[in-house]
There are 2 protein chains.
Amino acid sequence: MHYPEPISKLIDSFMKLPGIGPKTAARLAFFVLSMKEDTVLDFAKALVEAKRNLSYCSICGHITDVDPCHICQDKQRDDTIICVVQTPKDVIALEKMRDYHGLYHVLHGAISPMDGIGPEDINVSPLLKRLQNERVQELILATNPTIEGEATAMYISRLVKPSGIRTTRIAHGLPVGGDLEYADEVTLSKALEGRREL
Amino acid sequence: MHYPEPISKLIDSFMKLPGIGPKTAARLAFFVLSMKEDTVLDFAKALVEAKRNLSYCSICGHITDVDPCHICQDKQRDDTIICVVQTPKDVIALEKMRDYHGLYHVLHGAISPMDGIGPEDINVSPLLKRLQNERVQELILATNPTIEGEATAMYISRLVKPSGIRTTRIAHGLPVGGDLEYADEVTLSKALEGRREL
């Protein structure tokens, strides 16, 4: 053992985080020693409270410290549109945009037969129940543009279409600021396919 | 505010660490939510305990959870040699080598007139006291091969020489596995200067 025990325990804890190897973990641990005690206590408290006080919204499945979450509770939001996403991080990315004022539904995953994840393993049936009870007119399928995300969007769209609710899929194409030269064939083909009159 | 408060507090804490920006902090915070509660509690405990239980050894200045530190307490070690380094991390790097069995002295910095750091701002005078009291025969100056490190080594060497204690400086040259072609001129010149008979 090269490190005193308290610091080697801290290094071990940092190493459990993604993308942090032994060298970075040691650097972070030594940095913690140089921080003010109050800041370290706040950090420890933030860790425990984030883990203990956060849960998933019983309506939309987004991560939240109150149930239902702030978005589901917000009377200002348009409850005729639900945007379906794979993870809580996607909700946050969409919220940062500040352009969307509807509700969300978080699937917590996507259908992936290769990994043994079927429709019953993701948060789909609560979505269908919401569609029955609420006055939803449009379902925006904003799952990732991957094989799994596409399959999930397709699956949900087929389930929902008979009920007469409009189902839409977010657009695929060149990212803004992207370079046509470096775009892959599939993206380019989607961009052409989705062209619009100017 | 896009994130629920407990998670945004955790993200803020992660962002105080070096090299961790808002995106990485968010990724780490979401990862913490997916960890087992016990693991998160251990992490929080490790943070607090590392900060509270670690201090500097009253003899050598190395970071430790007992005073004097394990190295100073170890009767097996050769107390006729002291290796002088800038930081506790340097002690750990040297200990990993497993070749050195003497004692250490951590300066906690180097003389740097540009930054207003003089000899009185680093851990030098306790070193001089150790040299008077202990039966030290050799002082290895293992400060970094930078301007500050060199100046510090030179300063200590001048102070100590009159007492008859042997002062040595670690070798400069090409790192093992390094490439002559890519070595800088100063390193090459030091490598030539320090050449030895085979």
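Per chain, numbering begins at 1; letters A, B, ... match sequence-line order.
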Judged by atom type as modelled, is there a donor-acceptor pair below 3.5 Å linking the side chain of Thr187(A) to the main-chain atoms of Gly173(A)? no

Phe43(A), part contacting chain B, at a heavy-atom distance under 4.5 Å: both

Thr24(B) versus chain A, the contacting section by heavy-atom distance below 4.5 Å: neither

Count the heavy atoms belonging to other residues, nucleotides or ligands that lie under 6.0 Å from CE of Met15(A), then report whether that count exceeds 12. yes

Do side-chain atoms of Arg52(A) reach the backbone of Leu47(A) as a donor and acceptor pair under 3.5 angstrom? no

Is it the case that the side chains of Arg169(B) and Ser157(B) hold a donor-acceptor pair, with the cut-off being a distance below 3.5 Å and no angle test? no

Chain A shares the most heavy-atom pairs under 4.5 Å, among Lys45(B), Lys9(B), Arg27(B), with Arg27(B)

Do side-chain atoms of Arg77(B) reach the backbone of Leu103(B) as a donor and acceptor pair under 3.5 angstrom? no

For His172(B) and Glu150(B), which I'm curious about, is there any donor-acceptor pair between the side chains at under 3.5 Å? yes

Interface moiety of Ile20(A) toward chain B, non-hydrogen atoms closer than 4.5 Å: side chain

Please rank Asp12(A), Val40(A), Asn53(A) by heavy-atom pairs under 4.5 Å with chain B and give me the top one. Val40(A)

Which of Thr64(A), Ile63(A), Ile71(A) touches chain B most, by non-hydrogen pairs under 4.5 Å: Ile63(A)

Going by atom types only, do Thr146(B) and Asn144(B) share a side-chain donor-acceptor pair under 3.5 Å? no

Side-chain (Arg195(A)) to main-chain (Leu192(A)) donor-acceptor, under 3.5 angstrom: yes

Looking at Gln76(B), is its backbone amide N or carbonyl O close enough to the side chain of Asp74(B) to form a donor-acceptor pair, meaning the two atoms are under 3.5 Å apart? yes

Please look at Leu54(A) and chain B and tell me whether the side chain, the backbone, both or neither of the residue comes under 4.5 angstrom of a heavy atom of that chain. side chain

What residues of residues 83-91 of chain B sit under 4.5 Å from chain A when you count only heavy atoms? Pro88(B), Lys89(B)

